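Take a look at the structure set out below.
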2 protein chains.
Amino acid sequence: MLEARLEQANLLKKVVEAIKDLVQDCNFECNDSGVGLQAMDNSHVALVSMLLKADSFSPFRCDRNIALGINLVSLQKVLRAAQDKDILTLKAEDSPDVVNLVFESSDSDRISEYDIKLMDIDQEHLGIPDTDYAASITLPSAELQRICRDLSALSESVNIECTKEGVKFGCTGDIGSGSVTLRQHTNVEKEDQNVDIQLSEPVSLTFSLKYLVNFCKASGLSSRVKLCLSTDVPLMVEYSLANNSYLRFYLAPKIGDEE
Amino acid sequence: MLEARLEQANLLKKVVEAIKDLVQDCNFECNDSGVGLQAMDNSHVALVSMLLKADSFSPFRCDRNIALGINLVSLQKVLRAAQDKDILTLKAEDSPDVVNLVFESSDSDRISEYDIKLMDIDQEHLGIPDTDYAASITLPSAELQRICRDLSALSESVNIECTKEGVKFGCTGDIGSGSVTLRQHTNVEKEDQNVDIQLSEPVSLTFSLKYLVNFCKASGLSSRVKLCLSTDVPLMVEYSLANNSYLRFYLAPKIGDEE
DNA sequence: ACCACTTATC
DNA sequence: GATAAGTGGT
């Protein structure tokens, strides 16, 4: 059986909000190391990979590997019932029909409990190769969100060009063109605001803004976001969570004359 | 003639907002004890009963019984002109064609005045019997609102089950099931947050969530709400206002296999 | 109290 | 599909 207690129900709520537009149904893979999720979006352009390590829960118990096939719209409906500060416990049997979610208010005077029916989902297991990226950029997540939102007013696509000095997000559309350039900068006082660039080779790649805007819904999960790029390889967008847990998005670059 | 001055125009505004989805046109019954309103919704499942006692106005003058038949959509349009802190005076002749609303800003520097045409409404007078309810639950109005909203994501109906220990709101729908349990609890420090249960007999009844969600629009009128239940009798939902004035909703239970 | 998002309507 | 209102979060 699975029994996993998450101090902040909000964490799962934000994760689901961030991915539900990309993926409708998916398996939450539970085993003794934690709860993981991998799924491609319908058009197979983007991939979501989440891992909530066992250490992110307390306590965490999972005797056997269980795949919980959940409709994310249903899950979101239930998670909206979570109040700020609520504690969430996920429970499932070893061969479950339902997953059980229990929300406790911190004073325990309010308990709400939901069962969500599970579904069988064909799990094409997705191997994600470890990649040595040519460029890794870590920046404030709110900044990336703002950039993507601003540029999406002009164009469907953004070109991300990274050099040792900085990173430039540029686009061209019918009404004109725009770009935002961030220089690498470090300030020990305001670490959250830093822009860190690790570069082995300059890169320039183009991506769909619609997807990036979508990924940025996860900004609430972490003040920082890491972008990893290499030529002809999907972009990785990573939100690191406590206890080495993470939410990652992958997005294939646009090629050649695609817009 | 009627002349009734209400220090907070907002009070009437909130009342109308809370009931206008249930009732289109209704009589405001004015007499020397105050202003009352009773109306059933179109499907005759729910009933609204409001009483603003004469003491809630200052001054209050009403020489004869007058029924003001008002279209609530029109009334709401006019009430939206009320600013925060505005003082409202209602005026009508003894056999009126119109009701006159005057808004004064608290500093009296701004006066606005509206006339709304009245309509003849057949008044089936509704006798509401006094009932000794088997269960009375008083809880924070925001909490009830939240519960009804959360559960309405899962189902059309909610079962309210009350015992000495607590009250459980439960429902079952296509995607799964959910329940919220509140234990009776009292804290002198935060009286507004208390859950008080008066029980002569346990009850379990099922109601339409659509209506309950609607009633909860009145949450802004009072931090507390009282639910009164007895088997096979309509639920009463009461928002108490100052000076023994009140806004009450009644809702017939669903019976048997209805959903 | 403001801003942003989500949902409902045209 | 776009726009507008209502609701929820910061």
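Every chain is numbered from 1, with letters handed out A, B, ... down the list of sequences. Keep in mind the model is a prediction, meaning the values are calculated, not measured.
Taking atom CD of A:E17 as the reference point, atom P of C:dT7 lies 10 Å away to the nearest angstrom. Here D:dG9 presents its C1' atom at 9 Å from CG of A:D84, a figure rounded to the nearest Å. Rounding to whole angstrom units, CD of residue B:Q76 and P of D:dG6 are separated by 8 Å. Rounded to whole angstrom, the span from the NZ atom of A:K14 across to the P atom of D:dG9 amounts to 11 Å. Rounded to an integer number of Å, the gap from A:L221 CG to D:dG9 P is 15 Å. Rounded to an integer number of Å, the gap from A:K20 NZ to C:dT7 C1' is 11 Å. The interatomic distance linking A:D86 (CG) with D:dG9 (P) rounds to 12 Å, in whole Å. Whole-Å rounding puts the A:K85 NZ to D:dT10 C1' distance at 14 Å.
For the salt bridge (Lys or Arg N to Asp or Glu O under 4.0 Å) test, no residue two or more places apart in sequence or in another chain qualifies with B:D25.
A salt bridge between B:D21 and B:K210 is absent, with no side-chain N of the basic residue lying under 4.0 Å from a carboxylate O of the acidic one.
Screening residues 166-183 of chain B for salt bridge (charged side-chain N to carboxylate O under 4.0 Å, His left out) gives A:D109-B:R183 as the qualifying pairs, with residues at least two apart or on separate chains.
Of the residues near DNA chain D, B:R146 and B:R80, the one whose nearest nucleotide (by heavy atom distance) lies more toward the 5' end is B:R80.
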(message) Please evaluate residues B:S141 and B:S222 with respect to the criterion side chain to side chain donor-acceptor pair (under 3.5 Å), reporting the C-alpha separation (whole Å), side-chain torsions for both, the decisive distance (0.1 Å), and the verdict.
(response) CA-CA 7 Å; B:S141 55; B:S222 168; 5.5 Å; no
